[in-house]
Amino acid sequence: MAWALKMPMPDEVIESGLVQDFDASLSGIGQELGAGAYSMSDVLALPIFKQEESNLPAEDENELLPFQYVLCSATSPAVKLHDETLTYLNQGQSYEIRMLDNRNIGELPEINGKYVKSIIRVVFHDRRLQYTEHQQLEGWRWNRPGDRILDLDIPLSVGIVDPRANPTQLNTVEFLWDPSKRTSVFIQVHCISTEFTTRKHGGEKGVPFRIQIDTFKENESSEYTEHLHSASCQIKVFKPKGADRKQKTDREKMEKRTPQEKEKYQPSYDTTILTECSPWPDISYVNNTASPGFTSSHGSFSIAEGNGSPHHQPDPVPATTDTLGSFRKWACRELSVSPVTENQNLLATATPQDAQQWLHRNRFSPYCRLFANFSGGDLLKLTRDDVIQICGPADGIRLFNALKGRMVRPR
């Protein structure tokens with residue numbers, strides 16, 4: 001019997017053999033699958049990946065907000081996907097905003113059966129104009145004396161309590177409402193987008209605005225300062241019927257586009273849902289303390305003549321002023337002199353209420369809200385330039401002549 005002695009193999013031979021065996025083991029992979037049949041989605045559909053995916057939190061679980069605000073006006077169809085919606089409004093037209101309660105059972109139990117306060121603002125969308133908002137609004141105030149940027153249409157609104165409008169903040173209104181009851185507030189925007197463009201030569205592109213709603217609940221001091229929710233949407237305001245024409249133009253443009261181009265744009269929705277945003281940084285207005293000329297009593301609005309705009313009643317006069325005013329009225333009565341005499345003369349002793357009556361009698365009703373806190377003496381101190389700057393050339397000269405020509409100085 002012969003024994004064969006095997007000699008050790010060199011390292012190079014061993015390595016080459018291993019490589020050949022590995023290549024052979026991989027040669028059959030992919031032959032069962034045709035070209036292009038392999039897909040990563042097939043791998044992700046395996047049970048192990050499905051189990052891991054089910055453990056992840058759903059995206060919509062954290063998206064449910066306590067309140068939702070819906071503006072009942074259609075969005076523009078000419079807005080690209082993933083861009084914010086844009087809604088066109090007509091100047092002075094009443095639009096409904098539905099205030100919806102989206103709370104889950106047991107969520108925010110401290111507001112059950114209680115009112116919350118919502119503050120609606122019309123603000124600038126462009127950051128550049130936000131920095132100069134105060135100057136922009138003051139300029140608008142001088143060009144449009146007696147008008148407001150934002151008004152509530154009280155007769156059409158449902159479920160709101162204690163509506164207010166601060167005369168010093170033309171773009172802001174507020175009210176109380178019960179989330180458990182149906183609530184709809186109707187607003188009117190009186191400024192148009194082209195009023196704030198730098199060049200007014202006709203055909204210019206108007207600046208966009210934002211409608212923002214901030215909602216608060218009561219704190220321990222019964223002041224509505226604890227923030228609950230904020231949401232806003234982008235709008236553009238046109239002259240009457242201009243929003244309808246713009247909506248029609250956008251729709252016709254979209255109809256002319258190819259199906260591939262239409263896929264890049266979002267459809268037009270019948271209503272506009274306000275999206276969540278940060279609260280407006282205006283703490284002074286959130287404070288429940290009434291400012292001068294800002295009534296805090298229920299039913300503080302009365303409807304002005306000719307339109308549905310809320311008219312504002314002046315604040316109660318402080319005790320000291322009221323005592324002095326009573327003395328003046330007593331003196332006028334004893335001397336048989338009225339602060340507003342039979343021939344429509346305005347005296348310096350006239351109270352703000354008397355001055356309001358004088359303005360109404362002399363056909364200056366559009367400026368009553370502007371001069372809500374002016375007494376007779378305050379009006380008589382106005383110069384001709386002051387009155388023209390406030391009321392414009394025509395009414396300013398007429399008011400100045402009425403004040404100066406019929407002024408009776410008490411002896």
Side-chain angles (χ1 to χ4, degrees), residues 62-73 94-123 148-189 210-233 235 271-291 294-301 310 312:
N62 299 327
E63 294 296 327
L64 189 60
L65 303 172
F67 303 109
Q68 188 176 60
Y69 318 120
V70 181
L71 173 63
C72 295
S73 183
S94 297
Y95 290 92
E96 180 186 8
I97 298 180
R98 297 173 184 169
M99 315 291 288
L100 305 178
D101 183 6
N102 278 353
R103 292 178 297 156
N104 292 323
I105 299 176
E107 185 180 2
L108 295 175
E110 64 272 16
I111 66 174
N112 290 337
K114 295 183 178 180
Y115 288 110
V116 296
K117 174 194 282 186
S118 287
I119 301 175
I120 304 180
R121 294 177 174 86
V122 172
V123 296
R148 289 187 57 84
I149 290 178
L150 180 64
D151 266 337
L152 287 176
D153 195 338
I154 305 298
L156 294 180
S157 300
V158 177
I160 66 172
V161 177
D162 195 14
R164 305 180 184 183
N166 191 327
T168 63
Q169 300 202 15
L170 307 180
N171 62 328
T172 306
V173 294
E174 68 173 39
F175 54 90
L176 304 180
W177 60 288
D178 187 348
S180 63
K181 298 180 181 179
R182 174 176 173 252
T183 304
S184 289
V185 57
F186 283 78
I187 64 168
Q188 299 170 343
V189 183
R210 300 196 68 81
I211 293 178
Q212 175 156 338
I213 302 179
D214 302 296
T215 299
F216 302 85
K217 66 178 180 178
E218 282 185 304
N219 59 11
E220 297 178 353
S221 303
S222 298
E223 295 180 347
Y224 292 92
T225 56
E226 293 192 21
H227 178 257
L228 289 174
H229 179 241
S230 295
S232 65
C233 67
I235 63 169
T271 58
T272 304
I273 298 178
L274 279 67
T275 56
E276 188 182 19
C277 64
S278 301
W280 190 257
D282 194 356
I283 305 302
S284 61
Y285 188 71
V286 175
N287 195 327
N288 206 35
T289 305
S291 59
F294 186 50
T295 177
S296 59
S297 61
H298 285 265
S300 57
F301 280 102
H312 191 71

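What you see below is based on every heavy atom in this structure, not just the backbone, and it leaves out hydrogens, waters and symmetry mates.
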Answer yes or no: is there a donor N or O on one side and an acceptor on the other, between the side chain of [X] and the main chain of [Y], under 3.5 Å?
X: E107; Y: L65; value: no
X: N219; Y: E226; value: no
X: T275; Y: I273; value: no
X: S184; Y: V158; value: no
X: R98; Y: R182; value: no

For residues [X] and [Y], report the shortest heavy-atom separation together with the two atoms involved.
X: D178; Y: T183; result: O-OG1, 3.8 Å
X: D101; Y: S180; result: OD2-N, 4.5 Å
X: L170; Y: R148; result: O-NH2, 3.4 Å
X: S73; Y: T272; result: O-OG1, 2.8 Å
X: A165; Y: V173; result: CB-CG1, 4.3 Å
X: L156; Y: S94; result: CD1-CB, 4.0 Å

So, D162 and K117, do they make that salt bridge, N to O below 4.0 Å? no
To the nearest 0.5 Å, tell me how far [X] [atom1] sits from [Y] [atom2].
X: L152; Y: R164; atom1: CG; atom2: CZ; value: 12.5 Å
X: N112; Y: K114; atom1: CG; atom2: NZ; value: 9.5 Å
X: I119; Y: I213; atom1: CD1; atom2: CD1; value: 11.0 Å
X: K217; Y: L228; atom1: NZ; atom2: CG; value: 6.0 Å
X: I97; Y: S118; atom1: CD1; atom2: OG; value: 10.0 Å
X: Q212; Y: I120; atom1: CD; atom2: CD1; value: 11.0 Å

Holding to ring pair (Phe, Tyr, Trp, His ring centres under 6.0 Å), I want the full list of residues that pass it with F67, two or more places apart in sequence or in another chain. W177
Residues, nucleotides or ligands: over 12 heavy atoms within 6.0 Å of R103 CZ: yes
Does the side-chain contact (heavy atoms from CB on, under 4.5 Å) test come out yes or no for I187 and L150, once each step is laid out? CA-CA 7 Å; I187 64 168; L150 180 64; 4.0 Å; yes
Give a yes-or-no answer on whether the side chains of T215 and Y69 include a donor-acceptor pair shorter than 3.5 Å. yes
Please list, chain by chain and in numerical order, all residues satisfying salt bridge (charged side-chain N to carboxylate O under 4.0 Å, His left out) with E218, sequence neighbours excluded. none
Using a 4.5 Å cut-off on heavy atoms from C-beta on, say whether the side chain of M99 contacts that of I160. no
